[in-house]
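Beneath this line is the structure, given in structure tokens, with notes to follow.
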Amino acid sequence: MAINTVAVIGAGTMGAGIAQVCAQCGWTTKLFDAFPEGLSAGMENINAFWEKGIAKGKTTEEQKAEWSANLEAITDMATAVADADLVIEAVPEIADLKHRIFSDLARMAPDHAVLASNTSSLSIAEIAAATDCGERVIGMHFFNPVPLMKLLELVYHEKTSEATIAIAKVAAAAMGKTDILVKDIPGFATSRLGVVLGNEAIRMLAEGVASARDIDTAMQLGYRHPMGPLALSDLVGLDVRRDILLNLADSFADESYLPHPLLEALVGEGSLGRKSGKGIYDWSTGEAQERDDLPL
């Protein structure tokens with residue numbers, strides 16, 4: 001099946017990034033969000049990314065015009081998915097919300113459409129169970145920032161068809177992504193490894209083992225990570241990391257996955273990372289600055 005039209009559900013950081021990449025692929029792309037202000041913000045973020053690329057000489061005004069013509073903001077989900085060959089859901093990590101959306105998508109989207117979730121930790125099988133077309137449901141877990149990150153984690157459950165996996169792989173290649181295929185287990189591959197490393201780095205920070213910057217530098221220079229685990233946690237969102245850890249602890253009945261108290265404290269005070277301007281680091285200047293007011 002050829003992909004001509006894609007609908008993205010949710011215009012937050014991830015959804016906007018996914019929609020941007022889809023538009024750049026030449027696909028007719030419909031971006032939907034239940035909140036008009038969120039939809040406007042998502043479209044503005046895409047435009048700002050393209051403008052930044054033009055300013056740096058990486059893209060042209062002609063490319064931006066071409067990509068913009070492929071992208072449309074839609075305020076009604078049924079309209080957004082009516083002609084979609086691929087639907088990618090990118091709403092917050094709330095299981096009930098995703099289940100409701102997929103139940104609606106199964107009714108609203110064409111019978112041939114692949115229904116994908118960008119969830120980073122929730123069960124694809126449980127999301128699929130909200131539909132009557134589980135064979136068309138797959139996880140397509142993107143990474144932030146979507147236009148720049150090359151990995152796409154494809155997550156299959158026991159009812160996902162080979163045809164659905166094949167279409168997801170075609171989409172990944174068209175987007176310029178390298179895909180990995182992962183079984184539907186809590187945390188998949190990437191989130192499970194990433195949050196455990198981040199949680200341990202937060203524990204080390206709380207115990208005074210080293211500063212945040214030195215912990216991050218250790219992993220960057222010692223293990224060739226492009227970004228340290230603490231800065232990455234701020235980029236992903238500390239609330240997102242906390243929720244994944246709680247899900248893992250519950251799914252495996254293993255308290256070792258529970259978020260460190262410092263992570264809970266940061267989320268509790270509203271320090272969620274880059275998106276709030278402050279997390280483990282202070283991002284108010286746009287660069288990571290050490291904090292001297294961490295709730296240790």
Side-chain angles (χ1 to χ4, degrees), residues 10 12-17 35 38 41 45 90-98 118-122 141-146 149 186-188 190-223 225-252 254-296:
T13 300
M14 297 302 294
F35 300 95
N45 287 339
V91 304
E93 292 285 89
I94 302 170
D96 289 345
L97 174 60
K98 291 182 185 287
N118 180 55
T119 181
S120 57
S121 65
L122 297 177
H141 178 206
F142 293 81
F143 296 82
N144 188 29
V146 177
M149 298 296 281
F188 315 141
T190 56
S191 293
R192 187 170 171 182
L193 290 169
V195 296
V196 169
L197 177 58
N199 203 36
E200 187 60 28
I202 289 172
R203 187 189 319 279
M204 292 169 62
L205 178 63
E207 292 175 353
V209 173
S211 69
R213 191 174 301 281
D214 284 350
I215 291 170
D216 278 348
T217 299
M219 298 308 296
Q220 288 177 280
L221 301 185
Y223 290 86
H225 288 200
M227 180 180 292
L230 297 173
L232 180 59
S233 294
D234 270 357
L235 175 63
V236 172
L238 298 185
D239 53 336
V240 174
R241 285 261 155 128
R242 186 273 312 271
D243 290 347
I244 294 172
L245 285 162
L246 289 173
N247 180 51
L248 290 174
D250 180 63
S251 297
F252 292 120
D254 186 344
E255 292 186 355
S256 68
Y257 286 106
L258 286 173
H260 188 274
L262 174 56
L263 177 55
E264 290 282 18
L266 287 164
V267 174
E269 72 175 18
S271 295
L272 307 181
R274 287 198 192 187
K275 61 187 175 183
S276 68
K278 184 182 288 189
I280 296 168
Y281 292 98
D282 185 335
W283 298 93
S284 58
T285 64
E287 301 292 334
Q289 304 294 327
E290 295 273 6
R291 286 182 59 178
D292 57 11
D293 61 341
L294 286 170
L296 298 174

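Because the structure is a prediction, the values reported are computed rather than measured.
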First locate atom [atom1] of [X], then atom [atom2] of [Y], and finally report the distance between them rounded to the nearest 0.5 Å.
X: Leu238; Y: Leu245; atom1: CG; atom2: CG; result: 11.0 Å
X: Asp243; Y: Ser120; atom1: CG; atom2: OG; result: 9.0 Å
X: Leu248; Y: Glu255; atom1: CG; atom2: CD; result: 14.0 Å
X: Leu263; Y: Leu205; atom1: CG; atom2: CG; result: 11.5 Å
X: Gln289; Y: Arg213; atom1: CD; atom2: CZ; result: 6.5 Å
X: Arg274; Y: Asp282; atom1: CZ; atom2: CG; result: 12.5 Å

Examine distances only and state if a side-chain atom of [X] and a backbone atom of [Y] form a donor-acceptor pair shorter than 3.5 Å.
X: Asp254; Y: Ala249; result: no
X: Asn247; Y: Ser121; result: yes
X: Ser271; Y: Val267; result: no

Next item on the list: State, with a plain yes or no, whether a side-chain heavy atom of Met14 is found less than 4.5 Å away from one of Asn144.
Entry: yes
Next item on the list: Indicate yes or no: at least one non-hydrogen side-chain atom of Asp216 is less than 4.5 angstrom from one of Met227.
Entry: no
Check: Does the pair Tyr257 and Arg192 meet the rule for a side-chain contact (heavy atoms from CB on, under 4.5 Å), with working shown?
Finding: CA-CA 9 Å; Tyr257 286 106; Arg192 187 170 171 182; 3.4 Å; yes
Margin query: Looking at Phe35, I want to see if its CZ is surrounded by more than 12 non-hydrogen atoms of other residues, nucleotides or ligands under 6.0 Å.
Written below: no
Please report the shortest heavy-atom distance between [X] and [Y], naming the atom on each side.
X: Leu258; Y: Asn199; result: O-ND2, 3.0 Å
X: Leu262; Y: Ala206; result: CD2-CB, 4.0 Å
X: Thr190; Y: Phe143; result: OG1-CZ, 3.4 Å
X: Gly194; Y: Arg241; result: O-NH1, 3.4 Å
X: His141; Y: Ser191; result: CE1-OG, 3.5 Å
X: Asp234; Y: Tyr281; result: OD2-N, 2.9 Å

Margin query: The test is salt bridge (charged side-chain N to carboxylate O under 4.0 Å, His left out); show your working for Asp239 and Lys275 and say whether it passes.
Written below: CA-CA 11 Å; Asp239 53 336; Lys275 61 187 175 183; 2.9 Å; yes
Check: Could you walk me through whether Lys98 and Glu93 pass the salt bridge (charged side-chain N to carboxylate O under 4.0 Å, His left out) check?
Finding: CA-CA 8 Å; Lys98 291 182 185 287; Glu93 292 285 89; 3.3 Å; yes
Next item on the list: Please report the C-alpha distance between Phe188 and Thr119 in whole Å, then the side-chain angles of each, then the deciding distance to 0.1 Å, and finally whether the side-chain contact (heavy atoms from CB on, under 4.5 Å) criterion is met.
Entry: CA-CA 10 Å; Phe188 315 141; Thr119 181; 4.1 Å; yes
Next item on the list: In sequence, state the C-alpha distance, the side-chain angles, and the governing distance for Lys278 and Glu290, and then conclude on salt bridge (charged side-chain N to carboxylate O under 4.0 Å, His left out).
Entry: CA-CA 10 Å; Lys278 184 182 288 189; Glu290 295 273 6; over 6 Å; no
Note to self: Quick one, Leu266 with His260, criterion side-chain contact (heavy atoms from CB on, under 4.5 Å). Give me CA distance, side-chain angles, the key distance, then yes/no.
What the structure shows: CA-CA 10 Å; Leu266 287 164; His260 188 274; over 6 Å; no
Checklist line | Criterion side-chain contact (heavy atoms from CB on, under 4.5 Å) on Val236 and Ser233, from CA distance to verdict | finding: CA-CA 5 Å; Val236 172; Ser233 294; 5.9 Å; no
